[in-house]
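A quick note: this is a predicted structure, and the numbers were derived from the prediction, not measured. Quick note on labels: first sequence line is chain A, next is B, and so on, each numbered from 1. No hydrogens, no waters, no symmetry mates; every other heavy atom, side chains included, goes into these values.
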2 protein chains.
Amino acid sequence: MNKEREIFIRFLEKSGLKATAQRATVLDIFLKTEKHVSADDLFSLVKKTNTEIGHATVHRTLKLIKAAGLAREVDFGEGKKRYEHLFGHKHHDHLVCLKCGKTIEVLDPKIEKLQANLASGHGFKVSHHRLEILGICKSCQ
Amino acid sequence: MNKEREIFIRFLEKSGLKATAQRATVLDIFLKTEKHVSADDLFSLVKKTNTEIGHATVHRTLKLIKAAGLAREVDFGEGKKRYEHLFGHKHHDHLVCLKCGKTIEVLDPKIEKLQANLASGHGFKVSHHRLEILGICKSCQ
DNA sequence: CTTGATATTGACAATCATTTTCAACTACAT
DNA sequence: ATGTAGTTGAAAATGATTGTCAATATCAAG
């Protein structure tokens, strides 16, 4: 967590941006939640301890956190972005339950490998990928 | 194409909905474009031949086309939905170029198989999945 | 072919997520 | 301490999509 803060500060410096109290607050609260938060989720969490921070700032800061390499955008097809931690977390894909919304993080190295092959076979230089398997989880069946 | 029209009509009947000229027009133009169209793309295409159709109708009709099983929603993370043909098209995944926006449809049965195994290993009953590999295509490198 | 119940339409307003604008404010190098 | 340049919150703007509603069209029944 202090490591993440340091990375963020360093990213801001390097980009000629400023380390403000609002940015620190948003980052801290983001780091405390181990969920896939939307900007609005995070805004609600932030509001609990600090009524002064506007939602535009939360959006702006999430972009920065992502740019700093501390978060990844995920999209469960809801029409809004969600963010998850990236630092100290290995890449993974998601199983998303269509009933209860629960997500399970999964990883299959064989799939990852095959995906890379598939892309390079088409001359593609991969930046990243997105795999979501949607269905009904065990407890919802 | 006539097959698709028939499926659509049958779907409307079965659902107690009406076969209107607007719906026929939107469907026809959708079937003519072999692209991943957004509602607004399609609205522009429709407007070329028929100025009378509103954008709300295009949105509504795309939903119906999807419900009829003739289209699939795809999401390239642009904050809007795109639709692609489903009838007579096998399932596939996408390579999306981040520079020119071009998409290549790909399929690897081994990946599909592994995905199914991965999900069932977690007790998941799969409804569908979404795989997009984002990167830079050959000609944009 | 007329009718009538019901679905549909387009225009417009509303909504939701996100971004922009802008004047007041703050960080931080000097 | 100070000036410059980035930052903030509030409010307005944007873009995609959906809801409202009065006028209109569909289609089964007579």
Round to the nearest Å and state the distance from A/Glu52 atom CD to C/dC25 atom P. 14 Å
Partner set under salt bridge (charged side-chain N to carboxylate O under 4.0 Å, His left out) for B/Arg60, not counting sequence neighbours: none
Between D/dT7 and A/Gln22, is there an OP1 or OP2 to side-chain N/O distance shorter than 4.0 Å? no
Salt bridge between B/Arg82 and B/Glu73, side-chain N to carboxylate O under 4.0 Å? no
Ignoring backbone atoms, test whether B/Thr20 places a side-chain nitrogen or oxygen under 4.0 Å from the OP1 or OP2 oxygen of C/dT9. yes
Choosing from C/dG10, D/dT17, D/dA10, which nucleotide comes nearest the side chain of B/Ala39? D/dT17
Rounding to a whole Å, what distance do you find between A/Leu42:CG and C/dA17:P? 14 Å
Please confirm whether the shortest side-chain N or O distance from B/Arg60 to OP1 or OP2 of C/dT8 is below 4.0 Å. no
Looking only at heavy atoms, what is the nearest atom pair of B/Leu27 and B/Arg5, with distance? CD2-CA, 4.0 Å
Rounding to an integer number of Å, can you tell me how far B/His59 NE2 sits from C/dG10 C1'? 14 Å
Hey, which of these two, B/Leu17 or B/Thr51, hits DNA chain C nearer its 5' end, going by closest nucleotide? B/Leu17
If you look at every strand shown and take non-hydrogen atoms under 4.0 Å, does B/Ala21 touch a base, only sugar-phosphate, or nothing? nothing
Grab the CD1-P distance between A/Ile53 and D/dT8 for me, whole Å please. 9 Å
Whole angstrom value for the distance that separates P of D/dG19 from NE2 of B/His55: 14 Å
Atom-to-atom span, CG of B/Asn50 to P of C/dT9 - whole angstrom: 12 Å
Quick check: B/His94 with B/His36 (ring centres under 6.0 Å apart)? yes
Measure up the B/His55 and B/His59 rings against each other and bin them: parallel (under 30°), tilted (30 to 60°), perpendicular (over 60°). perpendicular
Indicate, yes or no, whether a donor-acceptor pair under 3.5 Å links the base of C/dT26 to the side chain of A/Lys18. no
Whole-Å distance, B/Glu13 CD to C/dT8 P, equals 13 Å
For residues A/His129 and A/His91, establish whether the separation of their ring centroids is below 6.0 Å. yes
Give me the residues of residues 62-84 of chain A where at least one heavy atom lies under 4.0 Å from an atom of DNA chain D, by number, or none. none
To the nearest Å, give me how far apart CG (A/Leu12) and C1' (C/dC28) are. 13 Å
Using 30° and 60° as the class boundaries, would you call the ring planes of B/His89 and B/His85 parallel, tilted or perpendicular? perpendicular
